[in-house]
Amino acid sequence: MAVAKEMMGCSSFVSSSKVFLNSTYGFQQKQNRFLFVKPVWVPMEQKRRVHLRKAAKVPVVAAISEDLIKAEAKAVPAQKEKAVEFKVTATITIRNKNKEDFKETLVKHFDAFTDMIGRNVVLELISTEEDPKTMAPKRSKEAVLKDWSKKANVKAEKVYYTAEFTVDSNFGVPGAITVTNNHQKEFFLESITIEDFAYGPLHFPCNSWVQSKKHHPRKRIFFTNQPYLPDQTPKGLRALREKELDDLRGNGKGVRKLSDRVYDFDVYNDLGNPDKGIDYARPLLGGEKVPYPRRCRTGRGPSETGKYMDRIFHVVMVTHYLSFYAFVNSNTRLLMADMEAESRVEKPLPIYVPRDEQFEESKQNAFSAGRLRAVLHNLLPQLKASISAHNRDLNSFSDIDGLYKEGLLLKLGFHETVKKLPKMVSKLQESSEGLLKYETPKVVSKDKFAWLRDDEFGRQALAGVNPVNIERLASFPPVSMLDPEIYGPQESALKEEHIAGQLNGMTVQQALDENKLFMVDYHDIYLPFLDRINALDGRKSYATRTIFFLTPSGTLKPIAIELSLPHTSPNSRSKRVVTPPVDATTNWIWQLAKAHVCSNDAGVHQLVNHWLRTHGCMEPFILAAHRQLSAMHPIFKLLDPHMRYTLEINALARQSLISADGVIENCFTPGRYCMEMSAAAYRSHWRFDKEGLPADLIRRGIAVPDPTQPHGLKLLIEDYPYASDGLLIWNALENWVRTYVNRYYPNSSLVCNDRELQQWYHESVHVGHADLSKEPWWPSLKTTDDLVSILTTLIWLASAQHAALNFGQYPYGGYVPNRPPLMRRLIPDENDLEYANFLADPQKYFLSALPSLLQATKFMAVVDTLSTHSPDEEYLGERQHPSIWSGDAEIIEAFYGFSAEIRRIEKEIEKRNADPNLKNRCGAGVLPYELLAPSSGPGVTCRGVPNSVSI
């Protein structure tokens with residue numbers, strides 16, 4: 001505690017001309033009430049006439065001395081003295097841009113000139129107390145930020161300015177600062193620190209863009225780092241607290257400007273682009289028909305097609321009622337998608353997110369470089385494909401190896417082409433050796449043929465990029481939950497004879513009873529879409545189930561794969577079971593079956609586990625937090641680092657990745673039905689109460705409650721790296737959150753009576769997840785345990801869960817045969833015309849079933865970007881300004897304890913990765929499991945747990 005208190009600046013301060021007696025950071029908590037002593041100005045020559053008065057009770061953080069409390073108790077009222085003015089100095093930290101375009105430079109110089117003639121940045125200090133005469137907050141005189149023009153050309157990343165506030169001796173404790181930017185150009189305000197009060201420095205964490213008064217007339221408000229629950233807010237700050245939240249909510253109207261700071265909800269009506277044609281129209285996601293989480297509202301108007309459809313709707317309906325009715329009846333979803341589609345903003349034009357949610361410069365540069373790399377990686381295969389119409393497939397495994405060894409640019413010799421590209425491209429190519437050369441993915445870096453082995457196939461279900469679908473097989477054969485009246489009879493084709501010889505002498509029932517059988521089941525998520533998917537050009541898929549046996553060594557052995565197609569007629573053969581090979585022919589059929597499983601797995605991983613469960617479902621909670629929780633609220637301070645960049649990356653995804661004809665549709669088997677599949681999973685499978693790690697493991701039957709175990713769970717697969725490492729992190733998060741919550745909510749009545757907290761959770765559920773808000777499984781928010789559970793789940797999803805699902809995408813998926821994102825051929829049987837071709841050249845058939853060269857390289861380039869850590873990443877256990885993000889010294893101390901625990905977990909993970917008894921993370925050619933190792937450097941590292949969904 002002593003270290004934290006010293007860092008908080010809790011020592012007393014005495015100047016040569018005056019003495020302040022105060023304990024702003026002193027606190028005694030009793031039934032959540034705080035004793036606070038107001039600062040009093042005392043001239044040195046009159047210091048014997050000190051009278052202390054008790055002020056409003058506000059939360060504070062250091063200890064009040066007993067002498068001071070006794071002095072306050074014995075103080076005798078005296079005649080009121082005239083307030084004396086004095087000055088305090090503020091240090092303002094502003095972050096510079098590293099690169100400016102010509103217009104920005106011009107405006108910067110113009111601002112420097114006008115600053116000299118009085119158009120300044122103006123600040124005003126606001127007290128936590130009200131003026132008893134006006135009943136308004138006490139305010140200092142306005143202060144001007146000094147030396148702006150002199151420092152206009154400073155090239156440092158951060159520039160420090162000063163301002164002098166004039167206050168009187170009755171001012172009280174400062175609680176907020178308002179900032180008015182009279183310049184033309186926005187600036188990034190990082191922090192403000194005031195040193196000259198007796199109780200130590202006051203910190204105002206800002207981290208926000210301050211817009212020109214010309215464009216945003218209202219003053220910006222920044223509060224100190226002192227946390228306050230709503231009912232504990234000092235009187236002088238109450239109106240400002242409400243005003244700031246009101247500004248952030250907006251009025252739900254109009255088109256948002258890029259400089260706005262307005263957080264609001266909308267449905268996913270911006271994925272399609274009907275203006276380009278009917279093939280680019282997509283259903284609206286969000287609403288009773290297609291439930292989906294809400295996204296950030298941009299306010300853009302309808303597409304041109306939507307405007308046109310709206311104009312003709314009434315005319316045509318009246319003049320051709322019957323024919324129009326028939327048309328609408330058969331095209332309802334498409335028609336509504338066209339009419340409700342929001343107009344598109346295509347790259348490179350920016351899409352709206354609140355200004356403070358946009359990438360900071362280093363993150364933007366890293367992301368832009370990644371997108372550029374993707375463009376270059378895609379351009380050259382397109383050129384190669386255009387040279388020879390017959391050269392679109394991967395012809396051999398050496399073609400794949402060449403992508404890593406030789407590099408596309410050097411291999412194809414298109415130096416002249418690159419010279420013709422934009423200067424930025426040429427410059428990047430010159431400055432980055434091997435830009436067009438893919439890094440060898442980790443999955444083949446140690447053992448080039450590991451991906452072919454069954455044990456590696458099973459290992460990746462536990463320690464790969466998608467380790468969250470493996471489940472215990474509760475009964476055999478597996479049972480479908482699909483409606484047979486819609487999808488036909490769905491009895492499994494799996495029989496005991498398919499697996500009996502693979503169970504180490506056990507019967508099927510014994511294996512079930514001893515928890516030795518596990519399954520990855522994609523039957524119900526894929527089957528409803530297969531007719532449409534398989535009708536797409538160059539797409540072929542099954543709905544797969546894979547049965548695994550848990551071996552005595554703790555590894556998973558695949559023992560059967562069921563491949564299902566839609567039931568077309570009573571006599572149709574819609575299901576097929578493939579078992580481990582016994583000869584050359586069945587070996588290739590087994591490899592094709594595994595490839596189809598991996599393709600199913602890649603789609604569910606990307607569309608459901610990654611995008612939906614971390615990106616999409618987090619966004620409503622983030623929007624509601626900014627709208628309902630003040631920056632002063634302790635829960636906002638806790639969640640703040642776990643919300644960083646998520647709205648921006650989600651907006652970019654809607655613009656380029658999950659949109660019509662975007663990367664996801666082009667690269668994954670479901671094609672144009674990708675997001676409909678994601679929505680189907682949201683409706684049928686997503687439950688917030690099961691998103692925490694322990695609840696998810698129990699739901700999948702992978703763990704059972706066991707109070708004797710460290711985490712209260714017993715894993716049925718002991719060597720399950722994702723689960724065992726994840727439980728370490730979950731436990732650390734839960735302990736940290738519980739310590740934090742108990743600090744501000746010593747009893748549950750405070751949770752129930754916290755109006756901001758309750759409004760945040762209510763809006764997250766009833767607006768952000770409105771389509772599922774009536775489901776009975778939503779957790780209540782009535783007790784401190786409820787709050788701890790909800791917050792731990794959210795932080796887990798934003799940090800560790802996202803990291804486990806994201807940063808292995810290139811290390812595992814960058815070698816396309818290991819995890820093909822799409823398949824182009826079904827498996828031939830003896831009655832198919834292609835069977836002879838398969839027998840004649842099975843390798844060629846296998847490669848022709850994988851993505852084409854263009855599809856493969858496009859996918860590789862994208863997952864390379866998505867797997868990359870930026871240089872400004874903040875990892876679990878880290879925060880900006882770690883010693884001053886909160887004004888509560890006990891919480892700062894607790895956070896340092898949490899950080900130390902995260903470092904301890906990292907060492908434990910390293911130890912596990914070196915344990916030869918853990919076959920799923922240690923062995924010859926086996927990749928260590930580091931996706932939940934908390935720290936990482938920049939780049940594609942296959943490790944690191946950032947605080948937030950930031951890529």
Side-chain angles (χ1 to χ4, degrees), residues 455-456 458-472 515-516 518-520 548-557 605 609 690-736 792-793 795-797 799-808 811-812 875-877 898 901-923 926-936 942-945:
D455 63 294
E456 177 64 15
R459 190 192 74 82
Q460 289 185 32
L462 301 172
V465 70
N466 188 39
V468 298
N469 281 105
I470 188 75
E471 59 183 295
R472 182 174 62 86
N515 301 318
K516 298 296 184 182
F518 295 85
M519 174 176 64
V520 172
F548 294 92
F549 177 71
L550 182 62
T551 69
S553 63
T555 60
L556 289 181
K557 178 174 71 172
H605 163 259
N609 299 330
K690 303 298 184 184
E691 288 299 286
L693 179 60
D696 178 55
L697 293 173
I698 291 171
R699 170 174 62 176
R700 292 190 279 124
I702 295 292
V704 293
D706 185 346
T708 67
Q709 297 295 316
H711 311 294
L713 292 177
K714 179 183 178 182
L715 290 174
L716 299 184
I717 304 176
E718 292 184 12
D719 184 12
Y720 184 0
Y722 160 78
S724 55
D725 292 359
L727 285 170
L728 292 176
I729 292 178
W730 173 273
N731 193 54
L733 287 173
E734 188 176 46
N735 289 338
W736 157 236
T792 304
T793 298
I795 296 172
W796 162 260
L797 290 172
S799 57
Q801 180 77 332
H802 178 258
L805 294 167
N806 184 76
F807 293 103
Y812 281 96
Y875 297 94
L876 206 59
F898 168 65
E901 176 63 13
I902 294 297
R903 292 193 295 272
R904 188 197 69 77
I905 289 171
E906 182 152 356
K907 291 180 180 178
E908 174 62 23
I909 290 173
E910 291 173 1
K911 181 180 176 183
R912 291 176 176 182
N913 284 330
D915 186 347
N917 295 314
L918 301 177
K919 308 293 185 184
N920 291 316
R921 61 197 309 160
C922 182
V926 175
L927 289 186
Y929 187 72
E930 297 180 308
L931 286 169
L932 289 176
S935 71
S936 175
C942 201
R943 61 175 293 142
V945 181

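Here the structure is a predicted model, which means the values were calculated and not measured.
For the atom pair CG (Asn469) and CE (Met519), the distance works out to 10.5 Å, reported to the nearest 0.5 Å. Put simply, CG on Asn913 and CG on Leu927 are 10.0 Å apart, with the number rounded to the nearest 0.5 Å. Separation of atoms CG (Asp719) and CZ (Arg921) is listed at 7.0 Å; rounding is to 0.5 Å. Distance CG/Asp455 to CD/Gln460: 10.0 Å, rounded to 0.5 Å. Distance OG1/Thr792 to CG/Leu693: 11.5 Å, rounded to 0.5 Å. Glu734 contributes atom CD, which lies 11.0 Å from atom CD1 of Ile795 (distance to the nearest 0.5 angstrom).
Among residues two or more places apart in sequence or in another chain, the ring pair (Phe, Tyr, Trp, His ring centres under 6.0 Å) test is passed with Phe549 by none. For Arg700, the salt bridge (charged side-chain N to carboxylate O under 4.0 Å, His left out) partners are Asp696, not counting sequence neighbours. By the salt bridge (charged side-chain N to carboxylate O under 4.0 Å, His left out) test, Glu901 is found to be paired with Arg904, residues two or more places apart in sequence or in another chain being considered.
Contact detail for Leu931 and Ala804: the closest heavy-atom pair is CD1-O, 3.7 Å. The two residues Leu932 and Ala800 come nearest to each other via the heavy atoms CD2-O, 3.4 Å. Between Gln801 and Val468, the closest heavy-atom pair is NE2-CG1, 4.1 Å. Here the closest non-hydrogen pair linking Ala914 and Cys922 is C-SG, 4.0 Å. Of all heavy-atom pairs between Ile717 and Leu462, the closest is CD1-CD2, 3.9 Å. Across Leu733 and Ser799, no two heavy atoms sit closer than the pair CD1-OG, 4.2 Å.
At least one donor-acceptor pair closer than 3.5 Å links the side chain of Asn920 to the backbone N or O of Gly554. No donor-acceptor pair closer than 3.5 Å links the side chain of Asn515 to the backbone N or O of Arg472. Between the side chain of Arg912 and the backbone N or O of Ser724 there is at least one donor-acceptor pair closer than 3.5 Å. Using modelled atom types, no side-chain atom of Thr555 and backbone atom of Thr551 make a donor-acceptor pair closer than 3.5 Å. One N or O on the side chain of Tyr720 and one on the backbone of Pro467 form a donor-acceptor pair closer than 3.5 Å. For the pair Arg943 (side chain) and Ser935 (backbone), a donor-acceptor distance under 3.5 Å is present.
Leu805 is listed as a side-chain neighbour of Asn466, based on a closest heavy-atom distance under 4.5 Å. Considering only heavy atoms from C-beta on, Lys919 stays 4.5 Å or farther from Val926 through its side chain. In this structure, Asn731 and Asn735 have side chains that are in contact, with non-hydrogen atoms separated by less than 4.5 Å. Looking only at side-chain heavy atoms (C-beta outward), Leu918 and Tyr929 stay at 4.5 Å or farther from each other. Using a 4.5 Å heavy-atom cutoff, the side chains of His711 and Leu728 are in contact.
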One pair to check against side chain to side chain contact (heavy atoms under 4.5 Å, CB included): Ile470 and Leu556. What are the steps and the verdict?
CA-CA 10 Å; Ile470 188 75; Leu556 289 181; 3.9 Å; yes
Go through Thr793 and Trp730 one step at a time and tell me if the side chain to side chain contact (heavy atoms under 4.5 Å, CB included) criterion holds.
CA-CA 9 Å; Thr793 298; Trp730 173 273; 3.7 Å; yes
With side chain to side chain contact (heavy atoms under 4.5 Å, CB included) as the criterion, how do Leu697 and Leu727 come out once you've worked through the C-alpha distance, each side chain's angles and the decisive distance to 0.1 Å?
CA-CA 10 Å; Leu697 293 173; Leu727 285 170; 4.3 Å; yes
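No more than 12 heavy-atom neighbours from other residues, nucleotides or ligands sit within 6.0 angstrom of CD on Glu718.
Under the 4.0 Å criterion applied to side-chain N and carboxylate O atoms, Arg459 and Glu456 are assigned as salt-bridge partners.
Ring orientation note: the planes of Trp736 and Phe898 are close to parallel, at an angle under 30° on the 30°/60° scale.
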